**Student:** 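Below you'll find the structure I mean.
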Number of protein chains: 2
Amino acid sequence: MPRPRDENKVLLIHAAALKLVIKTGFSSLKMADVAKEAGIATGTLYIYYKSREDLINDLYVVTKKEIAEVMLSPENQEDTLYGSFKKMWLAYFFFCYKNPEKMLFTEQFLYSGLISETNKALTDSFFEPLNQFLEAAKKQSFIKDLDVELLKAHMHGALHEIVKLLIKSGQRPEAFPIHSMFELTWNGVRL
Amino acid sequence: MPRPRDENKVLLIHAAALKLVIKTGFSSLKMADVAKEAGIATGTLYIYYKSREDLINDLYVVTKKEIAEVMLSPENQEDTLYGSFKKMWLAYFFFCYKNPEKMLFTEQFLYSGLISETNKALTDSFFEPLNQFLEAAKKQSFIKDLDVELLKAHMHGALHEIVKLLIKSGQRPEAFPIHSMFELTWNGVRL
DNA sequence: ATTTTTGATGAATATAAATTCACTTATATT
DNA sequence: AATATAAGTGAATTTATATTCATCAAAAAT
């Protein structure tokens with residue numbers, strides 16, 4: 001009998017929070033600002049979330065899930081390992097370029113001390129297929145025999161910094177040597 | 001005739017702030033906590049700094065300067081370009097490993113929206129010699145002909161993520177394949 | 001159409017943390 | 001030794017922001 005919850009509001013809240021994160025950094029994200037940006041009352045936020053911490057944790061999980069789906073999409077499956085690898089790398093690269101707020105948010109959140117252990121494990125699980133892909137590539141001697149977490153850290157860190165530079169420079173991605181940048185990473189990990 | 005300012009206090013304040021940054025992330029750095037950790041009164045902080053923002057900016061500049069000195073130390077000068085390059089990389093790697101609070105702080109601060117344009121330009125200038133080194137390496141066809149900022153971003157991002165992983169894992173650096181990790185980066189940028 | 005139930009609001013409240021300031025203390029100068 | 005001056009203190013104040021709650025509104029069930 002009650003008035004139904006407007007599930008679209010969650011999306012509005014997420015979008016608003018991310019928009020503000022990119023503006024002033026996530027540490028200064030204010031609930032009142034999020035509400036205003038989303039076009040709702042501050043109190044309404046507390047219908048959907050128990051607290052600021054809750055909201056931010058949810059946003060993190062949702063965003064990580066989206067990233068995993070973008071990277072691990074069947075569309076990125078190619079005949080060769082190299083081909084799949086490059087497609088996934090490019091998919092993540094363009095995702096970050098088009099969604100810098102999501103990239104910066106996930107990056108900053110991980111070291112904010114706000115993430116719960118549960119959510120850390122949950123988001124890690126989204127990337128299990130990527131781990132398996134890399135393990136397989138290792139077994140087939142396509143890439144160096146280093147710990148998968150190490151390889152991922154190397155690629156992830158490099159990619160993020162590059163995207164940040166691209167965004168700062170204001171260049172269009174077409175003017176950017178994306179393929180050369182990919183080769184930087186690939187020449188590092190390949191055997 | 002006045003009581004002299006205890007210049008050692010600035011160092012105490014910096015150390016205290018960094019220690020707290022690594023604990024809970026820099027967004028939740030509290031002036032009262034910094035004062036307590038440094039063993040001084042909160043009011044004293046405001047003798048040395050106009051505001052929290054000021055304190056953090058100063059800490060950033062000082063830390064960046066230290067990093068530049070560590071990397072660009074004459075000790076890292078070798079006969080070969082490769083040798084110098086590796087020495088600088090390792091120097092930064094170990095600096096980050098031994099001073100994770102400084103690494104994390106500089107990283108987080110850059111995207112916090114708190115840094116002033118002046119300080120950004122100032123800290124960039126500390127690394128001018130590194131730019132020149134890379135430009136020279138490019139001219140001699142030792143490394144790829146890509147924008148120096150791009151090369152730096154790639155290396156910087158990868159190195160930071162790797163160090164974070166090392167710290168998280170709790171491994172001693174001897175157990176870590178540091179030279180392989182360096183080769184990841186080097187194989188990327190070399191020609 | 002009426003009732004019930006929960007969504008939505010935003011001003012009021014609680015909380016937390018930055019900053020100030022009236023006062024005390026140390027030291028360099030006389 | 002007396003004095004002047006700035007350092008140092010920390011409780012009180014201000015400021016900022018998260019959270020609550022009395023109230024109203026909308027939809028569903030009767």
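Keep in mind that this is a model prediction, so the values were computed, not measured. Because only heavy atoms are used, hydrogens play no part in the values below, and waters and symmetry mates are left out as well, while side chains stay in. So you know, we letter chains A, B, ... as the sequences are listed, proteins then strands, and number each from 1.
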**Student:** Tell me: CD1 of A/I13 to C1' of C/dA8, nearest whole Å?
**Tutor:**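 For the pair A/I13 CD1 and C/dA8 C1', the rounded distance is 12 Å.
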**Student:** Is there a Watson-Crick or G-U wobble partner for C/dC21 with both distances under 3.5 Å, and which nucleotide is it?
**Tutor:**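 D/dG10 - that is the nucleotide pairing with C/dC21, both distances being under 3.5 Å.
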**Student:** What is the distance, rounded to the nearest whole Å, between atom CE of B/M31 and atom P of D/dG8?
**Tutor:**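 Nearest whole value for this atom pair: 15 Å.
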**Student:** With respect to the side chain of B/I47, which nucleotide from D/dT9, C/dA8, C/dG10 is positioned closest?
**Tutor:**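 So the side chain of B/I47 is nearest to D/dT9.
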**Student:** Which residue is it: B/N57, B/L104, B/V21? I am looking for the one with a side-chain contact (heavy atoms from CB on, under 4.5 Å) to B/F109.
**Tutor:**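 So the option named by the test is B/N57.
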**Student:** So, does A/T42 get its side chain near the phosphate of C/dG10, meaning an N or O under 4.0 Å from OP1 or OP2?
**Tutor:** no
**Student:** In whole angstrom, give the distance that lies between atom CG of B/L114 and atom P of C/dA18.
**Tutor:** 12 Å
**Student:** Measuring only between side-chain heavy atoms, which start at C-beta, is A/F85 closer than 4.5 Å to A/E78?
**Tutor:**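 Result no, sub-4.5 Å side-chain heavy-atom pair not found.
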**Student:** Within residues 48-55 of chain A, find the residues that approach DNA chain C with a heavy atom at under 4.0 Å, and present them sorted by residue number.
**Tutor:**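 Contacting residues: A/Y48.
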**Student:** Rounded to the Å, how far apart are B/K9 NZ and D/dA6 P?
**Tutor:**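 One finds 17 Å between P of D/dA6 and NZ of B/K9, rounded.
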**Student:** Can you tell whether the side chains of A/K164 and A/E107 come within less than 4.0 Å, N to carboxylate O?
**Tutor:**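 Result for this pair is yes, salt bridge flagged.
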**Student:** What's the closest nucleotide to the B/A41 side chain, out of D/dA7, D/dT19, D/dT9?
**Tutor:** D/dT9
**Student:** Measure from CG on B/D6 to P on D/dA6 and round the result to the nearest Å.
**Tutor:** 17 Å
**Student:** Do the side chains of B/K138 and B/E135 get close enough for a salt bridge, i.e. N-O under 4.0 angstrom?
**Tutor:** yes
**Student:** Whole-Å distance between C/dT25 P and B/R5 CZ?
**Tutor:** 21 Å
**Student:** Who are the salt bridge (charged side-chain N to carboxylate O under 4.0 Å, His left out) partners of A/E66, not counting sequence neighbours?
**Tutor:** A/K102
**Student:** Would you list the protein and nucleotides 14-16 of chain C atom pairs, both N or O, that sit under 3.5 Å from each other?
**Tutor:**
none

**Student:** Who passes side-chain hydrogen bond (donor to acceptor under 3.5 Å, both in side chains) against A/K19, sequence neighbours left out?
**Tutor:**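 Listed in chain order: A/E37.
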**Student:** Output the rounded distance in Å from NZ (A/K36) to P (C/dA11).
**Tutor:**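 Between P of C/dA11 and NZ of A/K36: 12 Å.
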**Student:** In terms of side-chain heavy atoms of A/I40, which of C/dT9, D/dA11, D/dG8 is nearest?
**Tutor:** C/dT9
**Student:** If you check every side-chain atom of B/Y46, which of C/dT9, C/dT19, D/dG8 has the closest atom?
**Tutor:**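 Of all the options, the side chain of B/Y46 is nearest to C/dT19.
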**Student:** With no hydrogens and no angle check, do the side chains of A/K86 and A/N76 hold a donor and an acceptor under 3.5 Å apart?
**Tutor:**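 No, A/N76 and A/K86 have no side-chain donor paired with an acceptor closer than 3.5 Å.
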**Student:** Please list, chain by chain and in numerical order, all residues satisfying salt bridge (charged side-chain N to carboxylate O under 4.0 Å, His left out) with A/K36, sequence neighbours excluded.
**Tutor:** none
**Student:** For A/H156, check ring pair (Phe, Tyr, Trp, His ring centres under 6.0 Å) against everything at least two apart and list the hits.
**Tutor:** A/H160
**Student:** How many whole angstroms separate atom CG of A/L29 from atom P of D/dT19?
**Tutor:**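 Whole-Å distance recorded here is 12 Å.
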